[in-house]
Amino acid sequence: MSALALLGCGKIGEALLAGLLRGDYRPADIVVCERYPERAAYLTETYGVRVVDLDEAASGAQTLILAVKPQDIDTLLAELKPVVTPDQLVVSVAAGITTAQLSRGLGDGVPVVRCMPNTPALVDEAMTAVAAGPNADDSHVGIAEALLSAVGKVVRVPESQLDAVTALSGSGPAYFFFLVEAMIDAGILLGLPRTLAADLIVQTAIGAAKMLRDSGEHPVQLREAVTSPGGTTIAAIRELEVHGVRAALLAAIEAAALRSAELGRDR
């Protein structure tokens with residue numbers, strides 16, 4: 001029996017696979033189920049893992065990671081139901097799929113843990129929240145935490161908070177990319193070449209993020225340290241407030257949380 005089966009291997013699945021192999025897992029410990037032959041060949045060549053059919057993957061692994069797209073989850077669960085047992089653990093990284101939906105699809109007794117990673121998993125800087133589902137105890141959640149920690153930081157939350165997590169950190173990278181895009185455009189407007197503007201803003205973003213992570217100071221304190229009386233920064237902050245940027249961010253993140261909840265109810 002293999003330690004782990006990865007069912008679906010798109011961007012997040014591949015990021016997790018690569019992270020696990022950089023850690024304590026060997027290619028022999030993991031099997032992958034991938035329906036596209038070219039993709040399967042790439043995974044075997046790149047990572048040395050075996051690509052097998054669903055029955056072999058599901059029946060031969062202690063832990064199953066569901067990394068398919070949400071629209072494919074119902075078909076996958078129907079195929080898994082006759083195969084999985086309560087002695088296995090199912091870890092889902094499929095966005096918007098609740099543990100109740102997973103449990104109904106898999107049948108009684110199968111422990112389920114739901115995880116919400118984000119795309120910085122591709123560079124081992126993910127923020128992942130994990131929530132226990134039916135039949136999952138602390139040891140099951142601990143296994144999921146250990147798996148996802150291969151690609152970043154992991155926190156444990158009640159499932160009722162996962163829509164908010166999805167809105168804040170799941171979709172969060174897109175908000176930062178949007179802001180960086182706008183700031184690069186501002187640099188171009190002010191006469192800088194695009195490449196220079198991008199270098200300035202990307203490094204500024206990296207530095208600011210490290211200060212937030214490492215200094216222990218509140219964002220307000222860090223912002224105030226840059227904001228001199230009568231200076232350039234306070235002039236910019238005033239314009240952001242005049243144009244309602246703070247309120248727009250609050251509304252945008254709230255809309256994302258509501259949409260996450262809708263996606264779960266639509267299934």
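Just so it is clear, the values below take in all heavy atoms, side chains as well, and ignore hydrogens, waters and symmetry mates.
The hydrophobic clustering, which links ILVMFWY residues whose side-chain heavy atoms are closer than 4.5 Å, places I201 and V123 apart.
Judged by distance alone, the side chain of N118 and the main-chain N or O of M127 form a donor-acceptor pair under 3.5 Å. In this structure, Q88 contributes its side chain and A61 its backbone to a donor-acceptor pair below 3.5 Å. When atom types are taken as modelled, the side chain of S260 and the backbone of A257 share no donor-acceptor pair closer than 3.5 angstrom. Judged by distance alone, the side chain of H243 and the main-chain N or O of L240 form no donor-acceptor pair under 3.5 Å. Panel note: side chain D29, backbone R26; a donor-acceptor pair is recorded below 3.5 Å. No donor-acceptor pair closer than 3.5 Å links the side chain of T227 to the backbone N or O of T233. Although no hydrogens or angles enter the test, the distance criterion places a donor-acceptor pair under 3.5 Å between the side chain of R114 and the main chain of I97. When atom types are taken as modelled, the side chain of S103 and the backbone of T99 share no donor-acceptor pair closer than 3.5 angstrom. With R156 contributing its side chain and V141 its backbone, the two residues share no donor-acceptor pair below 3.5 Å. Here the side chain of S59 pairs a donor or acceptor atom with the backbone of D55 at under 3.5 angstrom.
A donor-acceptor contact closer than 3.5 angstrom links the side chains of Q101 and T98. In this model, a donor atom of one side chain and an acceptor atom of the other lie less than 3.5 Å apart for Y47 and E14.
Considering all non-hydrogen atoms of both residues, A58 and L80 come closest at CB-CD2, 3.5 Å. In terms of heavy-atom proximity, V151 sits nearest to G19 at CG1-CA, 4.1 Å. For M116 against V165, the heavy-atom pair with the smallest separation is CG-CG1, 4.2 Å. The two atoms that bring P219 and L212 nearest to each other are CG-CD2, 3.9 Å, heavy atoms only. S149 and V154 make their closest contact through N-CG2, 3.5 Å (heavy atoms, listed as atom of the first residue, atom of the second, distance).
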Inset, instruction - Would you please test R238 and E241 for salt bridge (Lys or Arg N to Asp or Glu O under 4.0 Å) and show each step? - result: CA-CA 5 Å; R238 181 186 65 180; E241 295 291 7; over 6 Å; no
Legend entry - V91 vs L66, side chain to side chain contact (heavy atoms under 4.5 Å, CB included): CA-CA, chis, key distance, verdict: CA-CA 6 Å; V91 176; L66 311 188; over 6 Å; no
Inset, instruction - Begin with the C-alpha distance, continue with both residues' side-chain angles, and end with the deciding distance and a verdict on salt bridge (Lys or Arg N to Asp or Glu O under 4.0 Å) for E56 and R50. - result: CA-CA 11 Å; E56 182 177 350; R50 286 195 308 127; 3.0 Å; yes
Inset, instruction - Could you please spell out the steps behind the side chain to side chain contact (heavy atoms under 4.5 Å, CB included) verdict for L89 and H140? - result: CA-CA 7 Å; L89 169 63; H140 295 125; 3.8 Å; yes
Legend entry - Full working for side chain to side chain contact (heavy atoms under 4.5 Å, CB included) between E224 and V220: CA-CA 6 Å; E224 287 180 345; V220 170; 3.6 Å; yes
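For R35 and D72, the salt-bridge test passes: some basic side-chain N is under 4.0 Å from an acidic carboxylate O. Using a 4.0 Å cut-off between charged nitrogen and carboxylate oxygen, R22 and D124 count as a salt-bridge pair.
For R213, the CZ atom counts as densely surrounded, since its 6.0 Å shell holds more than 12 non-hydrogen atoms of other residues, nucleotides or ligands. A 6.0 Å sphere centred on CZ of R223 holds more than 12 heavy atoms belonging to other residues, nucleotides or ligands. No more than 12 heavy atoms of other residues, nucleotides or ligands sit less than 6.0 Å from atom CG of D24. The neighbour count for E45 CD, taken as heavy atoms of other residues, nucleotides or ligands under 6.0 Å away, does not exceed 12.
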